[in-house]
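Note on naming: letters A, B, ... go to the chains in the order of the sequence lines (proteins, then strands), and numbering restarts at 1 for each one.
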There are 2 protein chains.
Amino acid sequence: MVMASPSLEPAQLGAYFALIEVSSLLRHAVEQQLRDAGDLSYVQFQLLARLGDSPTGSHRMTDLADGVVYSRSGLTYQAQMLEQRGLVTRAPSPDDERSITVAITDDGRAVLADVFPGHIALLHESFFDTLTPDDVEHLAGVLTRVRDRMRASPPRSAAPRRRKDAAPRSA
Amino acid sequence: MVMASPSLEPAQLGAYFALIEVSSLLRHAVEQQLRDAGDLSYVQFQLLARLGDSPTGSHRMTDLADGVVYSRSGLTYQAQMLEQRGLVTRAPSPDDERSITVAITDDGRAVLADVFPGHIALLHESFFDTLTPDDVEHLAGVLTRVRDRMRASPPRSAAPRRRKDAAPRSA
DNA sequence: TATTGTTATACTCTATAACTATA
DNA sequence: TATAGTTATAGAGTATAACAATA
């Protein structure tokens, strides 16, 4: 269990609330833009973007699940949606017959291209235009550090399946 | 159609991705903690916290909806959930018979008290412990500015009717 | 007529558990 | 046995539109 309540300092509280609110507003706005521009959910966009970023244009299901989605079945569902629309293909991996390699198609890249400009414009409007380059750099540094930390130590009870990582933090 | 993407600078991209990832991981972790500790969804927690913060312990439905960014029907649904558990009460507002005033109950405050320590502990573990006080302050400042900006200029979604909004002026 | 809130409904998404197949 | 992925299923949450009541 948790020990006593450590409480938060005002600046921490402010940072937390602002983070939650900003990400919530941003997410909402972005989801709408993605839906309008390419009929994509946010997760689907993330998957496509990740595939598009890859040198090979492909990833194994597991890699995608680790990066984006939280359960494997959830990823299967989203991959099926994308496959039905012809935005990705799925094929057994050559080296490991258990794995499925998901690859973005030309249509997938086209949708990505349709969606990107508005996506980036939205980010500028609602986000970057209010920040100095210095702010952005600092923000990137700080959040990257937090992300790495969070990735490194999963929160107490993350067992979407079988986990073999050593005891997660515990007190 | 816009031609090439307006593009983002590397630091901007890093900041954006990190923000998305951090908020996603954080949200996930927090949701699990809230579920475990008080059987609350994140939205329900936000509503209770907002009510608990209020001097009167109450808010009108509209105020809550504005604060948490959501459809009214969604808020009605959540308020019903909370009311069924006895964590809030709903009664017509005295001054305006159309309005409903939602008030947190003692049970509601108790649940909030159950949940807070773990909530704050989680924030420390996954977030604040990796940041210097200076980081936190800067983060709070930056994100608050972004939030105010986003609140001030709703993202083109003000008109739910009409057609979908096409290319934003990205230049 | 405009606003406040509810209801009915349909849909998307996510997670759990059971299952198959390969390493 | 452990890993990769799918399927079946069930539940939570959300949005839209139609509706009632008050201002």
Under 4.0 Å from any atom of DNA chain C, heavy atoms only: list the residues of residues 46-57 of chain B that qualify, in numerical order.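 Nothing qualifies; none.
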Whole-Å distance between D:dG13 C1' and B:Leu40 CG?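 Taking CG of B:Leu40 and C1' of D:dG13, I get 15 Å after rounding.
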Any B:His28 side-chain N or O less than 4.0 Å from OP1/OP2 of C:dA15: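 For C:dA15, OP1/OP2 do have a side-chain N/O of B:His28 under 4.0 Å.
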Does A:Ser99 reach a base, just sugar-phosphate, or nothing at all? Heavy atoms under 4.0 Å.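 A:Ser99: backbone/sugar contact only, no base atoms under 4.0 Å.
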Select base, sugar-phosphate, or nothing to describe what B:Tyr77 touches, counting heavy atoms under 4.0 Å on all strands.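 Base: the residue B:Tyr77, judged by heavy atoms under 4.0 Å, touches a nucleobase.
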Of all residues at least two apart in sequence or in a different chain, which pass the side-chain hydrogen bond (donor to acceptor under 3.5 Å, both in side chains) check with A:Glu97?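 Here no residue qualifies.
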Check every atom of D:dA21, D:dT7, C:dT22 against the side chain of B:Arg98 and return the nucleotide holding the closest atom.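 Taking heavy atoms from C-beta onward, the closest nucleotide is D:dA21.
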In residues 81-95 of chain A, what residues come within less than 4.0 Å of DNA chain D, judged by heavy atoms?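 Heavy-atom contacts with DNA chain D come from A:Arg90.
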Using whole Å, what does the distance between atom P of nucleotide D:dT6 and atom CD of A:Glu97 come to?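 About 14 Å, once rounded to whole Å.
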Under 4.0 Å between a side-chain N or O of A:Gln78 and OP1 or OP2 of C:dT14?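 For C:dT14, OP1 or OP2 has a side-chain N or O of A:Gln78 closer than 4.0 Å.
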In whole angstrom, give the distance that lies between atom OH of A:Tyr42 and atom C1' of D:dT14.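 It is 19 Å, rounded to the nearest whole Å.
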Over how many whole Å does the gap from B:Ile100 atom CD1 to D:dT22 atom P extend?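 Atom-to-atom, B:Ile100 to D:dT22, this comes out as 11 Å.
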Tell whether B:Ser73 reaches the base of D:dA15 with its side chain through a donor-acceptor pair below 3.5 angstrom.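 Present.
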Between D:dT22, C:dA23, D:dG13, which nucleotide gets closest to the side-chain atoms of B:Asp96?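 Closest nucleotide to the B:Asp96 side chain: D:dT22.
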Whole Å only: how far is the CD atom of B:Gln32 from the C1' atom of C:dT16?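 Interatomic distance, CD of B:Gln32 to C1' of C:dT16: 13 Å.
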Respond yes when some side-chain nitrogen or oxygen of B:Thr76 is under 4.0 Å from OP1 or OP2 of C:dT7, and no when none is.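 No, no such contact exists.
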With sequence neighbours left out, write down each residue that passes side-chain hydrogen bond (donor to acceptor under 3.5 Å, both in side chains) with B:Ser93, or none if nothing qualifies.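 B:Ser93: side-chain hydrogen bond (donor to acceptor under 3.5 Å, both in side chains) contacts with B:Thr101.
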Check A:Arg145 with B:Asp135, please: is the shortest side-chain N to carboxylate O separation under 4.0 Å?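 Between A:Arg145 and B:Asp135 there is a salt bridge, with a charged N closer than 4.0 Å to a carboxylate O.
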Can you work out whether A:Asp63 or B:Arg27 has the more 5'-proximal nearest nucleotide on DNA chain D?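 By nearest-heavy-atom nucleotide position, the 5'-most residue is A:Asp63.
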What is the separation between atom CG on A:Leu75 and atom P on C:dT16, rounded to the nearest whole Å?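 Taking CG of A:Leu75 and P of C:dT16, I get 15 Å after rounding.
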What is the separation between atom CE on A:Met61 and atom C1' on C:dA21, rounded to the nearest whole Å?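 Rounding to the nearest Å, CE of A:Met61 and C1' of C:dA21 are 15 Å apart.
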Taking only residues two or more places apart in sequence or in another chain, which ones pass side-chain hydrogen bond (donor to acceptor under 3.5 Å, both in side chains) with B:Gln80?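 For B:Gln80, no residue satisfies side-chain hydrogen bond (donor to acceptor under 3.5 Å, both in side chains) once neighbours in sequence are set aside.
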Taking the side chain of A:Ser71 as its heavy atoms from C-beta onward, which of C:dT6, C:dT22, C:dT16 lies nearest to it?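 The nucleotide sitting nearest to the side chain is C:dT16.
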Residues forming a ring pair (Phe, Tyr, Trp, His ring centres under 6.0 Å) with A:His138, sequence neighbours excluded: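 Scan of A:His138 (ring pair (Phe, Tyr, Trp, His ring centres under 6.0 Å), adjacent residues dropped) gives B:His138.
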Can you check the A:Glu31 CD to C:dT12 C1' distance for me, whole Å?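 Those two atoms, CD and C1', are 11 Å apart.
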Who passes ring pair (Phe, Tyr, Trp, His ring centres under 6.0 Å) against B:Tyr70, sequence neighbours left out?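 Applying ring pair (Phe, Tyr, Trp, His ring centres under 6.0 Å) to B:Tyr70 gives none.
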Between A:Glu31 and A:Arg27, is the closest basic N to carboxylate O distance under 4.0 Å?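 The answer is yes: the pair qualifies as a salt bridge.
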Kindly write out the residues that satisfy ring pair (Phe, Tyr, Trp, His ring centres under 6.0 Å) with B:Phe128, not counting sequence neighbours, or none if the list is empty.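 Ring pair (Phe, Tyr, Trp, His ring centres under 6.0 Å) check on B:Phe128 returns B:His124.
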Counting only heavy atoms not in B:Asp95, do more than 12 fall under 6.0 Å of its CG?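 Yes, because the 6.0 Å sphere around CG of B:Asp95 holds more than 12 heavy atoms from other groups.
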Test side-chain hydrogen bond (donor to acceptor under 3.5 Å, both in side chains) applied to A:Ser24 - qualifying residues, sequence neighbours left out: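 Counting only residues at least two positions away or on another chain, A:Ser24 forms no side-chain hydrogen bond (donor to acceptor under 3.5 Å, both in side chains).
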Looking at B:Gln44, does any N or O in its side chain come under 4.0 Å of the phosphate oxygens OP1/OP2 on D:dA12?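 Looking at the OP1 and OP2 atoms of D:dA12, neither is under 4.0 Å from any side-chain N or O of B:Gln44.
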Closer than 4.0 Å, any side-chain N/O of A:Arg72 to the OP1 or OP2 of C:dC19?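 No, outside the criterion.
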